[in-house]
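We're numbering straight along the sequence, starting at 1. In this text, all values refer to a predicted model and were calculated from it rather than measured experimentally.
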Amino acid sequence: VQLQASGGGQVQAGDSLRLACAASGGTFSESVMGWFRRAPGKEREFVSAISWSGGSTYYADSVKDRFTIARDNAKNTVYLQMSALKVEDSAVYYCGADKRRRTTYTGPTYRSSSLYDIWGQGTQVTVSS
């Protein structure tokens with residue numbers, strides 16, 4: 001099972017991008033999915049997550065009200081719509097999947113990278129001023 005992240009690019013501050021994370025070789029339609037990012041010289045940090053049902057979403061404070069996570073189970077894909085991008089959003093963005101199905105966790109668990117068993121290869125987002 002693999003995750004393929006795409007949609008990154010180089011944009012100006014204030015622009016929008018939509019990242020996609022597509023699963024192949026299996027399905028994650030009933031699994032928690034998350035997005036993390038790593039900027040140069042920094043630790044990987046949580047960005048957003050969506051529950052297995054899609055009914056709950058979680059965001060880092062730094063992206064709340066600017067980013068939206070959504071899932072399309074028919075396409076086995078999770079999206080991260082990023083708006084009002086800032087220079088500090090520049091990073092490699094990774095998607096991750098929880099191998100467990102139909103499992104609900106407490107809020108902080110969704111923000112922990114240890115929840116996610118499978119990771120995509122990352123897609124670069126560069127925001128210039």
Side-chain angles (χ1 to χ4, degrees):
V1 179
Q2 292 184 326
L3 298 177
Q4 180 76 35
S6 63
Q10 186 164 359
V11 297
Q12 298 286 320
D15 285 350
S16 299
L17 276 176
R18 188 178 75 159
L19 305 184
C21 176
S24 61
T27 179
F28 291 102
S29 60
E30 295 183 328
S31 298
V32 173
M33 301 290 291
W35 285 96
F36 287 72
R37 67 188 181 187
R38 176 175 284 155
K42 295 187 177 181
E43 298 287 321
R44 179 172 53 183
E45 65 173 355
F46 168 78
V47 176
S48 182
I50 187 166
S51 63
W52 71 266
S53 66
S56 296
T57 56
Y58 304 85
Y59 298 94
D61 289 342
S62 60
V63 307
K64 198 172 183 180
D65 298 327
R66 298 189 298 121
F67 291 10
T68 303
I69 191 170
R71 64 192 307 156
D72 184 339
N73 288 338
K75 295 183 178 180
N76 221 11
T77 301
V78 172
Y79 300 97
L80 184 68
Q81 177 68 49
M82 306 187 295
S83 303
L85 282 162
K86 303 177 180 179
V87 172
E88 51 264 41
D89 293 320
S90 297
V92 177
Y93 284 70
Y94 299 90
C95 60
D98 175 16
K99 290 172 63 175
R100 290 154 289 273
R101 299 173 63 188
R102 291 181 166 252
T103 305
T104 300
Y105 305 95
T106 58
T109 301
Y110 292 93
R111 303 171 185 272
S112 172
S113 62
S114 62
L115 171 64
Y116 305 90
D117 306 287
I118 299 173
W119 293 90
Q121 85 291 358
T123 185
Q124 176 72 49
V125 173
T126 302
V127 185
S128 56
S129 59

Quick one: do Asp65 and Tyr59 satisfy side chain to side chain contact (heavy atoms under 4.5 Å, CB included)? Show the steps, please. CA-CA 9 Å; Asp65 298 327; Tyr59 298 94; over 6 Å; no

Less than 4.5 Å apart, any side-chain heavy atom of Val127 and any of Lys86? no

Approximate separation, where rounding is to 0.5 Å, of Ser83 OG and Arg66 CZ: 9.0 Å

CD (Glu43) with more than 12 external heavy atoms under 6.0 Å: no

If Ile, Leu, Val, Met, Phe, Trp and Tyr residues are connected whenever their side-chain heavy atoms lie under 4.5 Å apart, and connections chain through other members, are Tyr58 and Leu115 in the same group? yes

Nearest non-hydrogen partners of Ala5 and Tyr93, listed with the distance: CB-O, 4.5 Å

Separation between CZ (Arg37) and CZ (Phe46), nearest 0.5 Å, reads 11.0 Å

Could you pull out the closest heavy-atom pair between Ser90 and Ala39, with the gap in Å? O-CB, 3.6 Å

Are Thr104 and Trp52 packed together at the side-chain level, in the sense that at least one heavy-atom pair is separated by less than 4.5 angstrom? yes

Is there a side-chain contact between Leu17 and Phe67 in this structure, where contact means two heavy atoms from C-beta onward sitting under 4.5 Å apart? no

Hey, mind stepping through Thr103 and Val32 against side chain to side chain contact (heavy atoms under 4.5 Å, CB included) and telling me if it holds? CA-CA 8 Å; Thr103 305; Val32 173; 5.9 Å; no

About how many Å separate OG1 of Thr27 and CG of Asn76, when rounded to the nearest 0.5 Å? 4.0 Å

Once rounded to the nearest 0.5 Å, what's the spacing between atom SG of Cys21 and atom CZ of Phe28? 8.5 Å

Measure the spacing between CD1 of Ile69 and CE of Met33 and express it to the nearest 0.5 Å. 8.0 Å

For side chain to side chain contact (heavy atoms under 4.5 Å, CB included), just list the numbers for Met82 and Val125, CA-CA rounded to whole Å, side-chain angles, deciding distance to a tenth of an Å, and then say yes or no. CA-CA 10 Å; Met82 306 187 295; Val125 173; 3.8 Å; yes

Looking only at heavy atoms, what is the nearest atom pair of Leu19 and Gly8, with distance? CD2-N, 3.5 Å

Using the rule that two of Ile, Leu, Val, Met, Phe, Trp, Tyr join whenever any of their side-chain heavy atoms come within less than 4.5 Å, decide whether Val78 and Val92 are in one cluster. no

Can you find a pair of side-chain heavy atoms, one from Ser48 and one from Leu80, that are under 4.5 Å apart? yes

Would you say Gln2 has more than 12 foreign heavy atoms packed within less than 6.0 Å of its CD? no

Indicate the ring-plane relationship of Tyr116 and Phe36, choosing parallel, tilted or perpendicular according to the 30° and 60° boundaries. perpendicular

Judged by atom type as modelled, is there a donor-acceptor pair below 3.5 Å linking the side chain of Ser51 to the main-chain atoms of Ser56? yes

Under 6.0 Å from the CZ atom of Arg100, do we count more than 12 heavy atoms belonging to anything else shown? yes

Measure the spacing between CZ of Arg71 and OG1 of Thr57 and express it to the nearest 0.5 Å. 11.5 Å

For Leu3 and Ala23, which heavy atoms make the closest approach, and how far apart are they? CD2-CB, 3.8 Å

Over all atoms of both residues, closest heavy-atom pair of Thr106 and Tyr110: O-CD1, 3.3 Å

At their closest point, which heavy atom of Gln81 faces which heavy atom of Ser16, and how far apart are they? NE2-CB, 3.9 Å

Let me see the working for Asp98 and Asp117 under side chain to side chain contact (heavy atoms under 4.5 Å, CB included), right down to the final yes or no. CA-CA 5 Å; Asp98 175 16; Asp117 306 287; 3.4 Å; yes

